[in-house]
Structures are given as C-alpha cells and as structure tokens.
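These notes concern the structure reproduced below.
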Amino acid sequence: MTVGHPPRLLPAGIDTEIAIVGGGLSGTLAAILLGRQGYRITLIDRYPVFPREFRVEKIAGDQIETLRRIGLLDSLSAAAAPFDEIVNIRGGSVLDRTHALHYGIFYDDLVGTMRAELPESVRFIAGRVGALEAGPDRQRISIVGQQDVTARLLVLATGMGDILRRDLGIERRFVHRRQSMTFGFNIRPVGAGAFKHAALTCYGDRVCDGIDYLSLFPAGGVTRANLFVFREHDDPWVKALRGRPRETLVETLPGLVETFGDFEVMDRVSSWLTDITVAENCRRDGAVLIGDAYQTSCPAAGTGVSRLLTDVERLCRVHVPQWMASPGMPAAKIATFYDDSVKQAVDEHGLAQARFRRSLTIETGLRWRARRQVHFSQRRILHGIDRLSPNLAARLCNLRRPNTEAAG
C-alpha cells in the first residue's frame, strides 16, 4: 500500500523561482527543503502517486542522521519498519551481529511519505516533460499537453534517464558498464512459524558465485530480500534465480535456511542492472543535476542514499541561497555545486566503495584473496571479543570505523 497522499495538483503555465524535474526521492526532498526556505518551487513529475519501483528499500547509518537533521526522520519512522539487529553469516556460520537502527521501506512508500511533507507553497504538476531549455537568466520546461513553466533555476532530479539531459547537451561517462545486478523479492516463512531473526545478511563464500550478499529485512509488512551480485544479465545462474529463486539461493548460500528458517518466495523476482556513470558537460547555465542524474552508485555499496542526501542538503542549504542572492544563473554559479568539497568527497567515496565491493567479491588475484581472508577474519575476531567484552569490542569498532570498507 502506498504511504501518503497525492500532492496538490495546481495548474501549469506558471513562472516560478525554481523548477525541479523529477519527483522521486531526491527531487521531493529538494522541493521540501527549498519550499521551507520560502522559495517559490514547482515540482514536476509524470506520476501524481509514485508507482511501485525497485530502488532504495533500506535506510541506515548517516542517512538516518541526515534525515533527522533536515527534520524528516519522524515521518520516515512512522511509515517504515524499524529493526536494530542484523545477524551476518558467511560459509554456513555466524560472522557477527550488527547492532544499529535501520528502517525498511519500499521506495514508493518512501517517496509518498516524503511527498506528504511538501509545504503548501510547493506547486506540483503531474505531467511528462517533453523538452528543456536552459540559459543564463531563464529556464523553460515544456510539459506535454500543458503550458510551459519558466524558472530562474532548473534542478534535474531525473535519476538515470538520459533524454532530458541530452536536451541540455549533458552526456554521461561510463565508469563501469554493468557494474552489478540487484534482485528484489518478498519471502515468507514456510508453515505457521516466524523467521528466527528480524534481519539477516548472508555473504557469498565462493568467488565463482559472484554473490556479494543477500539482505533479508522487514519492509511493508513482509520480509524483503535484496540480493547483490556481480554477474552478467544473461548468466545461466541469473536465469535459474528468476525461475527457481528459493532453490537457487539454498544451493548457493550454505546455512541460509538453518540460520534464518525455511522460506518461500511470494512473488516474481525484480531485477536492476547498474551502470556506474558520471555526468559530463554539466557545468552549464541555469541547470544543476542532483542524485543519480549526476552520478550513479553501486547498490551493494549502500552509498546511493548518502550521496543523494548530501547533494540535496548542500544544494539547498549552501548553494541555492548564494545563487539566488544575485541576478542571473550563469554556469560559473552552477559550477560551485560540483566543486563543493563535501559533495566531491562523498561522490568519490561512492566510486571507491563500488570498486571495493566488486573486487572483494570476485577478484581472484593473490592480493584480493588475502584481503578477503583478512576482512572477514577481522569481523569474526571482533565478534568473538564482543561476546566476551562488549565495551572493548565497541572501542575497537570505533577505531576501525573511519577505515571501514564494507557496506555493512
């Protein structure tokens, strides 16, 4: 069931200060923050109610703190399923346990929850954008079957779509084609019982399997499964997973049923093939890209929402107020966002984590074989210390955290 209500639909054909194209998570959050600052905002998306779409389904760590800081955590916590312990296994035995607050929520529910927080001053237009024009003073957004919208600033929050970016001469550079595949599906326990744990992460044990990890967690009243693999889309194993998901997982991940409980898959398996890309030629008059429209992330690394939130917060709280304080919207203004040191650090971290997760999972060289051994051995040792002395384990974990390379 979709959370929240459709935003108010107001007539098109308006002149506004800031137009945001794309009403997913990044565009909606930007509209909320800018609307709260008193700017006249027009948010444009083809869907008055966002449809079910396989994207972000778990919020954790720094993402929770950012949502708290921008005043949206209460809304999230009321709509999502909280859990604070994850049992992590590898090779049929417990690796360690993660103790930290997480929220499970379907992406459309997350977007609906955030759209319900749009200030009354934000105008929402449901429609398909057909063309964009950008310049140093005014931007024009053409909506199919409706009047044009003009604005001082255009924010593109259109995710991974290319069509509208091409109108502005913006291209994308491929950092890694077919970086990974992500699968999502719902499961339920076999019989009348319940699963043994609220949440579980099962890491792949063999390089040949190409599995980073399977994440099981509560969301939307079910147990949700997210599986992250580094395989090609036409791999026979991928076909087997789609046709026989339970059997394929049980055969590939030892200890899964014994640790979590037997399960059956409730519905079809959704999938998502990820390319890692970065926008090029984007330092242009009048328009700025945020979230996946600027740079995509590897889902296994878990950095996508952190990057998105950083983009939104830095754009809306630092750069837009500076830009709007003087006439015009030349490329030199827009460039300050892309040159933002905080944004750049988070973007580079996302790329580094994408490289790390892939290499840790499938590289066969001596260096990476040794690194895998050290990585998971450290986690097992720390788990053993935690069982004997939780305070000592917490201190050691804090010492490791700045250099932690794993997704979680």
Side-chain angles (χ1 to χ4, degrees), residues 52-58 89-91 107 159-163 171-187 201-216 224-256 265 267-280 292-305 307 350-369 371-372 375-376 405-408:
R52 179 122 304 180
E53 186 174 282
F54 180 35
R55 289 292 182 266
V56 177
E57 297 183 340
K58 188 164 58 175
I89 67 172
R90 183 173 186 259
Y107 184 69
M160 292 169 277
D162 279 334
I163 296 176
E171 301 171 350
R172 60 173 177 165
R173 172 173 58 88
F174 284 88
V175 177
H176 197 291
R177 292 179 184 269
R178 301 187 300 277
Q179 159 78 11
S180 64
M181 289 197 72
T182 306
F183 300 90
F185 48 95
N186 302 324
I187 65 173
T201 299
C202 183
Y203 290 91
D205 189 33
R206 299 178 304 183
V207 170
C208 62
D209 292 330
I211 295 178
D212 193 345
Y213 59 95
L214 169 70
S215 177
L216 305 174
R224 186 65 173 165
N226 286 174
L227 175 66
F228 305 93
V229 305
F230 297 99
R231 286 178 176 263
E232 293 297 326
H233 69 282
D234 56 355
D235 190 299
W237 186 91
V238 170
K239 181 178 179 180
L241 177 71
R242 291 194 173 108
R244 301 168 50 248
R246 179 200 172 277
E247 294 80 2
T248 304
L249 290 175
V250 171
E251 291 168 1
T252 313
L253 297 172
L256 175 59
V265 176
D267 48 15
R268 73 179 185 87
V269 177
S270 300
S271 62
W272 177 9
L273 178 63
T274 299
D275 296 318
I276 303 297
T277 66
V278 179
E280 289 194 329
D292 284 342
Y294 176 73
Q295 177 178 309
T296 60
S297 300
C298 175
T303 59
V305 176
R307 284 194 50 260
L351 294 176
Q353 285 293 293
R355 293 190 293 268
F356 175 77
R357 295 312 308 179
R358 185 177 176 86
S359 296
L360 185 70
T361 303
I362 65 173
E363 287 292 339
T364 57
L366 178 61
R367 171 173 173 260
W368 280 102
R369 292 205 306 268
R371 196 163 185 178
R372 265 192 298 275
H375 176 81
F376 288 108
E405 295 171 307

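Just the heavy atoms: all of them, side chains too, but no hydrogens, waters or symmetry mates, feed the values below. Nothing fancy with the numbering, it's 1 onward along the sequence.
- Here L214 contributes atom CG and L253 contributes atom CG; the two are 6.0 Å apart, rounded to the nearest 0.5 Å.
- Within the 3.5 Å criterion, the main-chain N or O of W237 finds a donor-acceptor partner in the side chain of D235.
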- request: Apply side-chain contact (heavy atoms from CB on, under 4.5 Å) to S270 and W272, showing your working.
  value: CA-CA 7 Å; S270 300; W272 177 9; over 6 Å; no

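- Looking at V56, T182, D212 one by one, the single match for side chain to side chain contact (heavy atoms under 4.5 Å, CB included) with P299 turns out to be T182.
- No donor-acceptor pair closer than 3.5 Å links the side chain of R268 to the backbone N or O of F185.
- Inter-residue side-chain proximity for I89 and Y203 is flagged as unmet; no heavy-atom pair is nearer than 4.5 Å.
- Side-chain contact between F230 and Q179 is present, with at least one heavy-atom pair separated by less than 4.5 Å.
- Distance check: R246 CZ to E251 CD gives 9.5 Å after rounding to the nearest 0.5 Å.
- The shortest distance between side-chain heavy atoms of V207 and R369 does not fall below 4.5 Å.
- A 4.5 Å side-chain heavy-atom check between L249 and L227 finds at least one atom pair inside the cut-off.
- Put simply, the side chain of S297 never gets that close to the backbone of G350: no donor and acceptor are under 3.5 Å apart.
- A 4.5 Å side-chain heavy-atom check between R172 and V278 finds every atom pair outside the cut-off.
- Taking the charged nitrogens against the carboxylate oxygens, R90 and D205 do have a contact shorter than 4.0 Å, which makes a salt bridge.
- Considering all non-hydrogen atoms of both residues, V229 and F183 come closest at CG2-CE1, 3.6 Å.
- Remark: I163 CD1 is loosely packed, at most 12 non-hydrogen atoms of other residues, nucleotides or ligands lying under 6.0 Å away.
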side-chain contact (heavy atoms from CB on, under 4.5 Å) between Q295 and L351, intermediate numbers included: CA-CA 9 Å; Q295 177 178 309; L351 294 176; 3.5 Å; yes

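- A distance of 11.0 Å separates CE in M181 from CZ in R231, rounded to the nearest 0.5 Å.
- N186 places no side-chain N or O within 3.5 Å of a backbone atom of R224 that could act as its donor or acceptor partner.
- No side-chain heavy atom of C298 sits under 4.5 Å from any side-chain heavy atom of T274.
- Under the 4.5 Å side-chain criterion, counting only non-hydrogen atoms from C-beta, F228 is not in contact with S180.
- Annotation: the span from E280 atom CD to Y294 atom OH amounts to 9.0 Å, rounded to 0.5 Å.
- Distance SG/C202 to CG/L256: 5.5 Å, rounded to 0.5 Å.
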Which atom pairs, donor and acceptor, lie under 3.5 Å between side-chain atoms of residues 359-366 and protein residues at least two apart or in another chain?
{"unit_1": "S359", "atom_1": "OG", "unit_2": "R355", "atom_2": "O", "d": "3.1"}
{"unit_1": "T361", "atom_1": "OG1", "unit_2": "R357", "atom_2": "O", "d": "2.7"}

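- Counting only heavy atoms from C-beta outward, the side chains of V238 and H233 never approach each other to under 4.5 Å.
- Once rounded to the nearest 0.5 Å, the distance linking NZ of K58 with CG of N226 reads 7.0 Å.
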